[in-house]
Amino acid sequence: MFYPPNPTEFFATVWEIVQQIPPGSVSSYGQIASMISPGNETEPERMRHLAPRWVGTAMRKTPRGKSIPWHRVINSQGSISFPAGSAQAEEQRRLLALEGVAFDANGKVNFARVGWRGPDAAFLRRLGLLPPHLLK
DNA sequence: CGTTTGACTACGC
DNA sequence: CGCGTAGCCAAAC
């Protein structure tokens, strides 16, 4: 797959992006991965579609106590990626519920309603990321 | 130092 | 809708 040329830097970028997600909104591993460039625009398709997994790796290593809203990142299916019923899954669901993000009977959110639109232009410029309309 | 393990996703059934 | 699989390698054991 695509893999971070510099994992440390990649992880830090992921965390910065996650901090941009406002309360009440959720993003996905794939959405975040698609924002990070360079690389994902030129990467072969077969490599590119594995990038989200690295976002998952970054999330696993999320530093605590740095006010990073890790719970606002879910998978592309709109559901929590921790095993259903696990303590971590319950915690994530609880934190999201506090922000008004609800899951349906199938354990999925309505992306159309609570999906994050993406970071603002100033943030993109600061990190040198590509604007959403240039992303695939 | 060898083996196992992922906070993923698109796609086929 | 749900389940299984390929792709792919840095961490965690």
Side-chain angles (χ1 to χ4, degrees):
Chain A
M1 83 177 240
F2 144 92
Y3 72 94
N6 180 341
T8 302
E9 185 183 348
F10 177 86
F11 295 156
T13 302
V14 169
W15 299 327
E16 288 210 58
I17 292 174
V18 172
Q19 282 186 308
Q20 297 297 306
I21 308 173
S25 294
V26 296
S27 184
S28 70
Y29 305 92
Q31 180 182 16
I32 291 169
S34 71
M35 290 177 200
I36 300 178
S37 65
N40 62 16
E41 287 300 302
T42 55
E43 207 62 54
E45 199 61 37
R46 72 174 193 286
M47 309 276 272
R48 217 208 306 186
H49 82 281
L50 290 173
R53 203 163 187 177
W54 281 100
V55 174
T57 299
M59 294 311 290
R60 198 196 337 146
K61 294 167 63 71
T62 300
R64 314 231 182 161
K66 288 201 171 181
S67 61
I68 295 176
W70 59 271
H71 59 284
R72 296 178 193 144
V73 183
I74 61 180
N75 64 37
S76 66
Q77 315 301 305
S79 56
I80 287 173
S81 279
F82 288 112
S86 67
Q88 295 180 106
E90 285 307 296
E91 174 67 352
Q92 184 165 15
R93 192 172 59 77
R94 187 183 70 77
L95 290 171
L96 286 173
L98 290 174
E99 302 180 353
V101 177
F103 291 82
D104 65 21
N106 293 314
K108 299 180 179 177
V109 303
N110 183 340
F111 269 123
R113 232 164 57 80
V114 300
W116 185 37
R117 299 282 191 101
D120 59 42
F123 177 80
L124 287 171
R125 202 173 325 108
R126 184 161 69 76
L127 286 194
L129 300 176
L130 295 174
H133 71 275
L134 290 182
L135 297 174
K136 172 80 183 352

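Letters A, B, ... are given to chains in the order of the sequence lines, protein chains preceding strands, and every chain is numbered from 1.
In this structure, A/R60 reaches the B/dA7 phosphate: one of its side-chain N or O atoms is under 4.0 Å from OP1 or OP2. Not one side-chain nitrogen or oxygen of A/S76 sits closer than 4.0 Å to the OP1 or OP2 atom of B/dC8.
Taking the P atom of each, B/dA7 and C/dC13 are spaced 11 Å apart, rounded to whole Å. Across the P atoms, B/dG2 and C/dC8 are found 23 Å apart, a figure rounded to whole Å. Annotation: C/dA12 and B/dC8 have their P atoms spaced 16 Å apart (nearest Å).
Taking CD of A/Q19 as the start and NZ of A/K66 as the end, the distance is 9.0 Å to the nearest 0.5 Å. One distance of note links CZ of A/R93 with CG of A/L98; it measures 11.0 Å at 0.5 Å rounding.
One atom, CZ of A/F82, and another, C1' of B/dC8, lie 13 Å apart when rounded to the nearest Å. Spacing between atom CD of A/Q31 and atom P of B/dA7 amounts to 20 Å, rounded to whole angstrom units. Atom CG in A/N75 sits roughly 12 Å away from atom P in C/dG2 (whole-Å rounding). Between the P atom of B/dT9 and the CE atom of A/M59 lies a distance of 12 Å, rounded to the nearest Å. Protein atom OH of A/Y29 is 23 Å distant from nucleotide atom P of C/dG7, rounded to whole Å. A/F11 places its CZ atom 10 Å from the P atom of C/dA10, with the value rounded to the nearest Å. Straight-line distance from the CZ atom of A/F10 to the C1' atom of C/dC9: 13 Å, rounded to whole Å. The interatomic distance linking A/I32 (CD1) with B/dC8 (P) rounds to 12 Å, in whole Å.
Each of C/dA10, B/dA10, B/dA7 was ranked by its minimum atom distance to the side chain of A/Q77; first place goes to B/dA10. Of the candidate nucleotides C/dG7, C/dA10, B/dA10, C/dG7 has the atom lying nearest to any side-chain atom of A/R53. Checked against B/dG6, B/dA7, C/dA11, the side chain of A/W70 finds its nearest nucleotide in B/dA7. With B/dT9, C/dA12, C/dG2 as the candidates, the nucleotide lying closest to the side chain of A/K61 is C/dA12.
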Give the intermediate values and the outcome of side chain to side chain contact (heavy atoms under 4.5 Å, CB included) for residues A/V26 and A/W116.
-> CA-CA 5 Å; A/V26 296; A/W116 185 37; over 6 Å; no
Evaluation steps, side chain to side chain donor-acceptor pair (under 3.5 Å), between A/N75 and A/S81 = CA-CA 6 Å; A/N75 64 37; A/S81 279; 3.1 Å; yes
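In this structure the side chain of A/M59 never reaches within 4.5 angstrom of the side chain of A/F11, judged on heavy atoms.
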